[in-house]
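What follows is one structure encoded as structure tokens, with my remarks underneath.
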Amino acid sequence: MRKLIEFRGRICNSILLIFLLAFCFPVSAQILPERERAKLIEEIQQHRFDNLLPKLMDHAKIDMWLVIAREYNEDPVLKTMLPPTWLNARRRTILVFYRNKEQDSLVRLAVARYDVGKNISSAWNPEKQPEQWEALVQIIKDRNPEKIGLNYSEIDGIADGLVKTDYDEFMEALPQEFHSKIVSAEDLAISWIETRSEKEMEIYPELVQITKDIIREAFSNKVIVPGETSTEDVVWWMRQKVTDLGLETWFHPTVAIQRDEEALQDHVSAFSSAKERKVIRPGDLIHCDFGISYLGLNTDCQQMAYVLKAGESEAPKFLSEAFDKGNQLQDILTGNFETGKTGNKILLESLEQAKSKGLKPMIYTHPLGLYGHSSGTTIGMWDSQEGVPGSGDYPLQENTVYAIELNTSVFLPDWDQEVRIMLEESGFWGAEGFQYVNGRQEELLLISHK
């Protein structure tokens, strides 16, 4: 993993530049057509099955993992394992992963009528054995595993994907002698979701670049005409841009304004999904929260911009200095990352250090990857600054990506009130420490008053 973060120049050679929209600041990253995306996703999945899953099963001490779901009610873990030509499970789909550590082998089977793509082979012929549960039981008997992991969890919703009906029917079919071998696959499921492979980290910077390119264009005069354009106009422009590029958003973006004659909102109002529609004006401090889904991964980014007044060529010094405090808080937080340390411990240490330096911090950093709000340790929530029970007690692991999400409130004498510097950047934690996936914002974006 030594060169995991040498991002540029290592993107898969098959990536082609298909189209650029005719905007002032076109997205500079390369976007694949659907067929090429599918090919790359299958390669990533194969790499994860071949190189990652055996290690995760050994670490979790589970030698058989069952992932069970039905069409349109998929286990969140199963959705990350389906080939790109399967948009959903088919009927009831049962995946079986059997790890023989002594032989260093991993068998990948599907108790389904069809192969599940190129990476998981069908092991059931309904014409010869009509009973799907009996076919699964026979696979279990043939291999006699020590521990059978099922996806149920109290602390992580993504790892809690086995529905009650499937659990009840499986347990009824399973011979009593195997019941004592059933365990929660919570740690294994979380590890599968949170751990990033080398291939994924080769493409992740491109996703972040696309995200930032869209924000840069949204916060420009191509989209914003001060005095005319509203925050809601920018939000829907971002949604449309993503659609036009053939991508998806995993949450509805937000755009918000802070200005000198309006008092800072409380946190409940600021984090409400019901954002007030406002017309953008010169002198406004603008913030966005925006993320995309592409190639099975997700981004989550918050950046800030200033709308120049007539005669201005840069943001006022007091706003630039306030923005620097947001970067300072990021440095404090990421400086406390340590493998094996819980999110709650990282949170409390970071808040204490930030306050000792005169900051007014709030930290709500979350795992990022196969899902936007993904599995792994949670480092605070905006309404849980004392720690997050359950997910906050989970230890930080290597080869994971986090949305470094936080804010600090700064009093501005020039405005006679506080502003909130709200930032979010994708960061990677690995054996060599912390690094941003594709840099971070270190100064305000500028929008002309014209």
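Source: prediction; values computed, not measured.
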Euclidean distance, Ile155 CD1 relative to Asp187 CG, rounded to 0.5 Å | 7.5 Å
Salt-bridged, Arg440 to Glu442, with N to O below 4.0 Å?
-> yes
Of all heavy-atom pairs between Leu446 and Ala315, which one has the smallest distance, and what is that distance?
-> CD2-N, 3.8 Å
Does Tyr152 offer a backbone N or O that forms a donor-acceptor pair with the side chain of Ser184 under 3.5 Å?
-> yes
salt_bridge(Glu312, Lys309) N-O dist < 4.0 Å | no
Supply the atom-to-atom distance Asp289 CG to Met422 CE, rounded to the nearest 0.5 angstrom.
-> 7.5 Å
Phe434 vs Ile404 side-chain heavy atoms within contact, under 4.5 Å | yes
For the pair Lys212 and Glu425, find out whether any cationic side-chain nitrogen is under 4.0 Å from an anionic carboxylate oxygen.
-> yes
Are the charged groups of Glu338 and Lys345 less than 4.0 angstrom apart, N to O?
-> no
Could you pull out all residues at least two apart from Asp393 that satisfy salt bridge (charged side-chain N to carboxylate O under 4.0 Å, His left out)?
-> none
Mind checking whether Val410 and Phe323 have side chains closer than 4.5 Å, heavy atoms only?
-> no
Can a salt bridge be assigned to the pair Arg108 and Asp50 using a cut-off of 4.0 Å between side-chain N and carboxylate O?
-> yes
Measure the CD1-CG distance between Ile41 and Leu82 for me, rounded to the nearest 0.5 Å.
-> 11.5 Å
Closest heavy-atom contact between Val401 and Ser426?
-> CG1-CB, 4.5 Å
His373 versus Phe251: any side-chain heavy-atom pair under 4.5 Å?
-> no
Main-chain N/O of Arg259 paired with Gln417 side-chain donor or acceptor, under 3.5 Å | yes
Distance in Å, Ile332 CD1 paired with Ile363 CD1, rounded so as to fall on 0.5 Å steps = 8.0 Å
Are the charged groups of Asp244 and Arg239 less than 4.0 angstrom apart, N to O?
-> no
Measure from the ring center of Phe97 to the ring center of Phe49 and say whether it is less than 6.0 Å.
-> yes
Any side-chain heavy-atom pair from Asn100 and Asp63 closer than 4.5 angstrom?
-> no
cation_pi(Arg196, Trp429) dist<6.0 Å, angle<=45 | no
Partners meeting salt bridge (charged side-chain N to carboxylate O under 4.0 Å, His left out) with Glu34 (sequence neighbours left out) = Arg37
Residue pair Phe428 / Tyr204, side-chain heavy-atom distance below 4.5 Å | no
Measure up the His252 and Trp236 rings against each other and bin them: parallel (under 30°), tilted (30 to 60°), perpendicular (over 60°).
-> tilted
Applying salt bridge (charged side-chain N to carboxylate O under 4.0 Å, His left out) to Glu314 and not counting sequence neighbours gives none
Modelled atom types, side-chain donor and acceptor of Asp331 and Gln328, under 3.5 Å = no
Answer whether the closest heavy-atom distance between the side chains of Thr93 and Trp86 falls below 4.5 Å.
-> yes
Would a 4.5 Å heavy-atom cut-off, applied to side chains only, mark Tyr306 and Asp284 as touching?
-> no
Taking all non-hydrogen atoms of both residues, which atom of Glu386 and which atom of Leu347 are closest, and how far apart?
-> C-CD2, 4.3 Å
Exam field: side chain Glu206 to backbone Ile203, donor-acceptor pair closer than 3.5 Å | no
Taken to the nearest 0.5 Å, the spacing of Ile224 CD1 from Ser448 OG works out to 11.0 Å
Run the numbers on Leu445 and Ile286 for side-chain contact (heavy atoms from CB on, under 4.5 Å), then give the verdict.
-> CA-CA 9 Å; Leu445 300 173; Ile286 308 177; over 6 Å; no
Measure from the side-chain N and O atoms of Asn407 to the backbone N and O of Ile421, and report whether any donor-acceptor pair falls under 3.5 Å.
-> no
Identify whether the distance between the nearest side-chain nitrogen and carboxylate oxygen of Lys101 and Glu146 falls below 4.0 Å.
-> no
Passes side chain to side chain donor-acceptor pair (under 3.5 Å), Glu186 versus Ser153? Steps please.
-> CA-CA 6 Å; Glu186 178 180 86; Ser153 168; 2.5 Å; yes
So, Gln397 side chain and Thr195 main chain: donor-acceptor pair closer than 3.5 Å or not?
-> no
Could you tell me the separation between the CD atom of Glu194 and the CG atom of Asn399, rounded to the nearest 0.5 Å?
-> 9.5 Å
Hey, does Val255 have a side-chain heavy atom less than 4.5 Å from the side chain of Cys288?
-> yes
If you draw a 6.0 Å radius around NZ in Lys360, do more than 12 non-hydrogen atoms from other residues or ligands fall strictly inside?
-> no
Count the heavy atoms of every other residue, nucleotide or ligand shown that sit under 6.0 Å from CD of Glu262, and state whether that count exceeds 12.
-> yes
